[in-house]
Amino acid sequence: MVTKVTNESGATVSTIEVGRGLVADFVLPGNPRRTKVAVLTQPGAQQVALAYVDRLQELGLETHSMVLPDREEAKTWEVVAKAHGWLAEIRLTRSDTVLGVGGGSLTDVAGFVAATWLRGVEVAHIPTTLLGAVDAAVGGKTGINLAGKNLVGAFCHPTSVTIDLDVLDAVPLNIQREGWAEVYKTALIADPDLLELLHDSGPLTPLDDVVERVVRFKAEVVSEDFREFGRRAVLNFGHTIGHAVEFASGCSHGEAVAVGIVAAVAISRDRYGFDTNVREGLAVFALPTTTNADAARVSELLLLDKKNDADGVRMVLLQGVGDPIVDHVTDDEIELALRSVGL
Ligand SMILES: NC(=O)c1ccc[n+]([C@@H]2O[C@H](COP(=O)([O-])OP(=O)(O)OC[C@H]3O[C@@H](n4cnc5c(N)ncnc54)[C@H](O)[C@@H]3O)[C@@H](O)[C@H]2O)c1
Ligand SMILES: [Zn+2]
């Protein structure tokens, strides 16, 4: 399956392919001036990256690779500066391409490195985690962390995203479950049938039934609201409190999103009577529904959240499955939400 992300003028900015055994026929989008590819990868994705390096060399491209630190350790200024220094050494020009091969933290930083090198060069992504495939690699948000998650970044759409289900099937369960949190998020905000499927089959749900529909939904929402002035914000469901918990506790992004979903559902239940047993649903994927993060630190980070505006904290809430609404929440509601996840 091939799907596209289009910009405000309807032009295609990203082509996303989902399939199996994709490395054998992998090509980058046509660009007769490209001679080099800089592959950025991370420890867990090195085998996959090697296969793509072989393929690029087969295509006659000069290929260089760099392994960045793992997980959030990669999303720092120091790593960006190191990658820029390396691009200077290998003399990556404006006609060349950065290829990000890895999970969401790798594609977030690879995209940011590409966006800022020579004022922007082409980036393409090979997501190697479920989370990266269904969410991070699609949509053009790139960034690094400062005093909060993703505070510095740029929009930079990958010209191509290649999602190989064979690669994702081989990911260990403890990493796979982090991706299920984002799949579960999408089911809650957009897809009652998918939610039913997840509740029935849990982590045994075949990726063939999941990845394509989640990616198609994200591509559609991003195409409609390229720079998040409106509808795109619904994709942040579970992320307001989730990001604060992630930063305060050092847990993984997927685990934090699971906790954030429980918190957002607590407010949704109180306000709109929304009632779905998300705790049970998430527990089937071995995802946490409470946190032992420092409560004061979480509250402090919520204030910092970049999505806050003059009127306070805005959150995505659910009036029903597939019926999200973005609204300001009161301090009392935040307290209720934090209490619901053990804070
Ligand atoms: N840009 C966006 O729109 C967006 C959306 C969602 C999440 N994100 C970001 O994505 C990040 C989380 O992504 P993630 O969960 O993929 O994390 P990650 O990139 O840190 O990867 C998780 C772990 O999986 C390992 N790994 C990667 N591929 C593997 C493979 N094929 N087999 C075995 N291990 C493998 C990595 O080495 C790492 O240890 C967060 O930083 C989050 O902020 C961004
Ligand atoms: Zn996320």
Side-chain angles (χ1 to χ4, degrees), residues 5 14 23 40-52 67-76 79 100-112 115 123 125-145 148-158 161 163-186 189 207 214-215 218-219 221-222 227-228 232-247 250-261 264 287 316:
V5 171
S14 289
V23 67
L40 291 175
T41 190
Q42 64 185 165
Q46 283 186 81
Q47 286 304 319
V48 182
L50 275 178
Y52 279 87
V67 183
L68 302 185
D70 213 23
R71 292 193 179 256
E72 301 298 309
E73 301 272 301
K75 292 177 66 170
T76 67
V79 170
V101 185
S105 53
L106 184 281
T107 52
D108 272 12
V109 77
F112 186 63
V123 66
H125 290 321
I126 317 285
T128 63
T129 62
L130 177 58
L131 195 147
V134 296
D135 206 347
V138 177
K141 279 189 181 176
T142 75
I144 57 170
N145 306 324
K149 282 276 297 177
N150 305 330
L151 283 186
V152 175
F155 280 100
C156 178
H157 284 269
V161 180
I163 301 174
D164 193 326
L165 299 180
D166 287 339
V167 168
L168 302 187
D169 272 341
V171 173
L173 289 179
N174 65 325
I175 296 176
Q176 199 80 306
R177 83 200 163 97
E178 296 167 11
W180 286 114
E182 302 277 13
V183 173
Y184 200 86
K185 168 198 84 176
T186 303
I189 59 175
L207 294 184
V214 176
V215 166
K218 179 152 188 192
V221 172
V222 171
R227 286 184 181 267
E228 198 171 305
R232 184 169 177 169
V234 300
L235 297 169
N236 297 330
F237 179 65
H239 281 62
T240 307
I241 291 177
H243 273 158
V245 165
E246 179 180 353
F247 213 69
C251 72
S252 76
H253 183 73
E255 290 169 328
V257 168
V259 171
I261 287 174
L287 285 161
V316 187

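For the single chain, residues carry numbers from 1 onward in sequence order. All values below come from the heavy atoms of this structure, side chains included, with hydrogens, waters and symmetry mates left out. Just follow the structure's listing: the first ligand is 1, and inside any ligand the first atom is 1.
- Looking only at heavy atoms of the protein, atom 27 (C) of ligand 1 is closest to Q42 OE1, 3.1 Å.
- Counting heavy atoms only, S105 comes closest to atom 18 (P) of ligand 1 of the residues G179, S105, A170.
- Considering only non-hydrogen protein atoms, atom 38 (C) of ligand 1 sits nearest to D70 OD1, 3.3 Å.
- Which parts of ligand 1 touch G103 is read off a 4.0 Å heavy-atom cut-off, strictly below it: atoms 16 (O), 19 (O).
- Residues satisfying the ring-ring contact (aromatic ring centres under 6.0 Å, His included) criterion with H157, sequence neighbours excluded, are F226.
- Of the angles at the Zn ion (ligand 2), the one spanning NE2 of H253 and OE2 of E182 is 100° when given to 10°.
- The distance criterion of under 3.5 Å between nitrogen or oxygen atoms is not met by V171 with respect to ligand 1.
- The closest protein non-hydrogen atom to atom 28 (N) of ligand 1 is T128 OG1, 2.7 Å.
- When each atom of ligand 1 is checked for a heavy atom of K141 under 4.0 Å away, the hits are 1 (N), 3 (O).
- Considering only non-hydrogen atoms, atom 23 (C) of ligand 1 lies nearest to R71 out of E182, R71, Q47.
- At least one N or O atom of E72 sits closer than 3.5 Å to an N or O atom of ligand 1.
- The N/O atoms of D135, backbone and side chain alike, include none that comes under 3.5 Å of an N/O atom in ligand 1.
- The protein heavy-atom contact nearest to atom 9 (C) of ligand 1 is D108 OD2, 3.4 Å.
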